[in-house]
Structures are given as C-alpha cells and as structure tokens.
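Side chains included, hydrogens not; waters and symmetry mates left out as well; all remaining heavy atoms used. Every chain is numbered from 1 and lettered A, B, ... according to where its sequence line falls, protein lines coming before strand lines. Bear in mind that the values here come from a model prediction, so they are computed numbers and not experimental data.
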There are 2 protein chains.
Amino acid sequence: MRAMPQPSAPRRTTGRPPRISREQVLDTARRIVDEDGVDRLTMRRLATEIGSTPMALYHHVSNKEELLVLLLDDYAARTLRRPRMPDRPRERVVLAAATIHEVLAACPWIVPVLTADDLMAASALWFVEQIVDGLVECGLTPERAVHGYRAIWYYTAGEIVVRTTAARRRADDDRPTYRERVFADLDPSETPRLAQVADHWAPLTAEDTYMEGLRALVDGLLATR
Amino acid sequence: MRAMPQPSAPRRTTGRPPRISREQVLDTARRIVDEDGVDRLTMRRLATEIGSTPMALYHHVSNKEELLVLLLDDYAARTLRRPRMPDRPRERVVLAAATIHEVLAACPWIVPVLTADDLMAASALWFVEQIVDGLVECGLTPERAVHGYRAIWYYTAGEIVVRTTAARRRADDDRPTYRERVFADLDPSETPRLAQVADHWAPLTAEDTYMEGLRALVDGLLATR
DNA sequence: GCTACTTTTCTTACATGTACAAAAACGCTC
DNA sequence: GAGCGTTTTTGTACATGTAAGAAAAGTAGC
C-alpha cells in the first residue's frame, strides 16, 4: 500500500525525512514540459534534474499518469480566469464551456489526461457549476442538467482529443495514413455525398468549428421536444 | 523507407520470399485480442505465436498503432450491419450515428485508435455518408453538413473514450482518485448546484445518456437559428 | 555457377514505466 | 546506546515498443 501524502499533510515526525517534495516534483515536471514538451518528460530525467532516483518519485506521485493529472490541474489553476458571466443563462453555459475548451486546447499534452479522467480539477469546478446552473435556470431538472453537462464535456473532450491527436499524427509522419488512402479512393456510387465533398474534406475538417457545434448542442439540450 | 505492401498487391517476384503475411498477422492479433484482451497483445507474443520474430512484423504493419487501426477496421467490417434507414432524414442521421456508437462502444480496446484517427474505416464510410446526406436533406449546405458530422463524431468519440477509460480506471484501482476527492469536499457556497447533486453525481454520470445527447446535438444542428 | 540487387527476417540494443526488495535515516522506548 | 517501527530512498530487474544494421533467401543478368 503506497503512502501518497496529502499536499499539505502535517509533517510526520517519524521515519526517514524526505529529500524531495511533491511540490518540487511538480515544479520540475512543469519546467521540463514548458521547455521541451511533454514527450521529453520521463521519470528518469525528472529524477535526474531533481537530483534523485526514478523510484523515489513514486513516493510523491503514484505514477506518471497521476503526475500528468496534477500538472493539468496546476495548469488550469494558473490559466483559467473566470470571465464576467452574461445575464442570459444559455450564454453562461456557452461561455463557461468555451472558456474551458480554450484553455485546454492550448496545451495539447493533456490528451492522455483528458481521456483518463473527468474534468474534476478544483479550479474547473466553478465552470462546471456555471454550466449546470445555467441549464437548470433554463428549465432543466437538476438530473437533466447533469446529463447535459456530461454531453457538453463529451463533445469538448472529444474535439480536443481527436483534433490534437490528428495534428500530432500529421506532424510526426507525413506519409498518408491508411485511413486517408481509404478516403481517397471512395466509390461515388456508394457514397455520393462524400465523393462530392472529397476535395474539400481536408480543409473542411481542419476548420475550427467547436463553437458552432457547442451552440448547436446547447440549443438542442434546451429545446423542449 | 518502409515498404508497406497493399493488402492485395501483385506478388513480387524478386527478393526474399515472405514467411508471414499481413493477413496472418491480423488474424493472429485478432485471436489474441478475442481470447485474452488487448492488453495481452504484445509484439513479442504476436511474433511468437506466428512463429516469427518481433521485428519481422514491422514489414507487414508499420507499428503497433497501425496494427490496432487495422484490427478496428476489420472488426467494424465484420460487425457493422447496415440497418434499414428511416424515411425522415433526421432519423437517418440519428440511426447512423447510434449504430456506429453501439458497435464501437462494445469493444473498449479501440480507445487508443479512436483518439489516434478519424473514423475512416472503409466499412464505416457508408454511415458517414448517411449522416452527411441526412443533414444535407434537412437543408444544410454540404459544408455545414460536414461540420455537423464532425460535431457528431467528436461527441461520439468523446463519449466512448471518456466513459471507457473511466470504467477501466475504476476496475484497475479501487482507491478513490485524486479527482474524486476534489469533488467529495466541494464548497456549497461556491458551487451550490454541484453540492445539491453531489450525492447523485456518481449514479447520474454512470447512466448511459448517449442517445439523449445525440438527439439534442442533431436537433441543434438542424435548428435554423 | 557467379555476381548484383531486392525483399524479408533476425540479432542486438536502447529508452521507458515501474515492480520488488534491500538499505538508509529518522524518532521512540528501554 | 540498542533495538524497533516507520518512512523514504536506492539498486536491480523486467516487459514493452521499436531503431539500426547484419544476415538470409530469393531473382535477374551474365
């Protein structure tokens, strides 16, 4: 059973005194990511730069994934600024989601974290509150409002994950993917619409249409069918 | 420059004759995944079961990720059945997306593939066509229809990725995550709505609300604002 | 048969996350 | 100070994906 001390747990008096702290680990990790990107963040390098050994880190974070979660929370806490909220609740929902999206989309290294967990960073809770509250004020029951928030989160996380990974793919490897080849020689008699837009497909899918989709989703959630 | 022969390329007459084929690799990989799950699929084991060496595989698939993409396409081709399409175009959009979602959600091992690429499996193109065509028939321009399809795909992929990974997380590790702890002690004065639903949060987010969100999104995409 | 070339396979090696156990460094009790 | 329990650190080891290059096994031209 691993210890995993709380960030501000009272100092233990017993046992070997720690030479490194979780804060130190996070600070160094953040610097490495800032300077060289998340790909260069390895447990060995992190340990070396701290002046310790890889396995020592595991007494301060339970594994690399949790380290990334903590980094994201830290990033969100530093970057997320609460905007002035509009009066109309529907616009509050849109603005809260858009703000979260804007901040997350700006740091592509969060992708594994996004897939790993819900957005429960302490600093993001206020935005979740705004979304749920806005939906309730528009007439949804609290239950449906939570479901609505989930839908917004799925859409937001999916947009970031799919888009960022596709972009990284193109950057890593300029050969056309298998999927691109499939799309290139599609059969116009089977899929006439796709054949029709095939030439514009790449630029069309490269456009940033997050806001349009978000507004559509919120509209649909609030429409009384 | 790696060769990467087309699946049905004409047999080369020169060079050392291959002892294994891409088909054989895929068949064995599929069997391993079926029997023991995707976690047990390693390049070494795959090579051993084929009776070859790990690096020999790399002449038939460019890397493990592409292997998974091919597995997914193969799975989709075997599993996806085209349902009878409703007359109303809006319902066609919903049914096409729901069918794709149903098939993908049933095999959780596709998550890394979903994040890695767009849904361009040859067998799925017909469904993409149905979505784009349905949106066009409802009055969207082809460009907006493609954007609409993208939004639906973001939502669908996000739902599967977030939900599957969260489920796996809970299965792997029964300790509460850092995020859960954050949510557990939230401040009712800061986030009253969340505090209000905090008790029901877990069951609420465990519910499968994909269809509701999908309908809302489609409604919103088709609403003329 | 011999050489050149091509394609596939095999061998070796490395970077990475992390499991496991031993060792080290402290306070406590006697 | 000796022994003990606790906590942190360290050293070793393993599984994994895959890069790099050598080796093998064929064909084509002579």
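- Remark: the Glu143(B) side chain and the His200(A) side chain contain no N/O donor-acceptor pair separated by less than 3.5 Å.
- Straight-line distance from the CE atom of Met55(A) to the C1' atom of dA23(C): 15 Å, rounded to whole Å.
- The side chain of Pro17(B) lies closest to dA25(D), out of dT6(C), dT10(D), dA25(D).
- The interatomic distance linking Arg22(A) (CZ) with dT7(D) (P) rounds to 16 Å, in whole Å.
- The 12-atom threshold is not exceeded at CD of Glu102(A), counting heavy atoms of other residues, nucleotides or ligands nearer than 6.0 Å.
- Comparing dT8(C), dT9(D), dT18(C) by their nearest atom to the side chain of Tyr58(A) picks out dT18(C).
- If you take CZ of Arg45(A) and P of dG17(C), they are 12 Å apart, rounded to a whole angstrom.
- One interatomic measurement links the two molecules: CG of Leu57(A) to C1' of dT16(C), which rounds to 13 Å at whole-angstrom precision.
- If you measure from atom CG of Leu68(A) to atom C1' of dG17(C), you get 12 Å, rounded to the nearest angstrom.
- Side-chain atoms of Asp208(A) come within 3.5 Å of backbone N or O of Tyr210(A) as a donor-acceptor pair.
- Remark: the backbone N or O of Thr48(B) is not paired with any side-chain donor or acceptor of Ser52(B) at under 3.5 angstrom.
- In this structure, the CD1 atom of Ile20(A) is 15 Å from the P atom of dA25(C), given to the nearest Å.
- Of the candidate nucleotides dT9(C), dG5(D), dA23(C), dT9(C) has the atom nearest to the side chain of Thr53(B).
- Considering only the side chain of Ala56(B), dC10(C) comes nearest among dT27(D), dC10(C), dT9(D).
- In this structure, the helix from dG1(C)-dC30(D) to dC30(C)-dG1(D) shows an angle of 30° between the axis at its start and the axis at its end, each fitted on 5 base pairs and rounded to 10°.
- Within residues 37-44 of chain B, no residue has any heavy atom under 4.0 Å from DNA chain C.
- The environment of Glu23(B) atom CD is sparse: at most 12 non-hydrogen atoms of other residues, nucleotides or ligands sit within 6.0 angstrom.
- The number of heavy atoms from other shown groups lying within 6.0 Å of CZ (Arg82(A)) is above 12.
- Listed candidates were dT9(C), dG17(D), dA19(D). Nearest to the side chain of Lys64(B) is dG17(D).
- For the residue pair Thr156(B) and Tyr154(A), no side-chain donor N or O sits within less than 3.5 Å of a side-chain acceptor on the partner.
- Rounded to whole angstrom, the span from the CZ atom of Arg19(B) across to the P atom of dG26(D) amounts to 10 Å.
- Note on ring orientation: taking the six-membered ring where Trp is involved, the planes of Trp109(A) and Tyr75(A) are perpendicular (angle over 60°, cut-offs 30° and 60°).
- Counting only distance, with no hydrogens or angles, the side chain of Arg22(A) and the backbone of His60(A) share a donor-acceptor pair below 3.5 Å.
- Counting to the nearest Å, the C1' atom of dA23(D) and the NE2 atom of His59(B) are 13 Å from each other.
- Proximity note for Arg16(B) (side chain, C-beta onward) versus dT7(C), dT18(D), dT9(D): the nearest is dT7(C).
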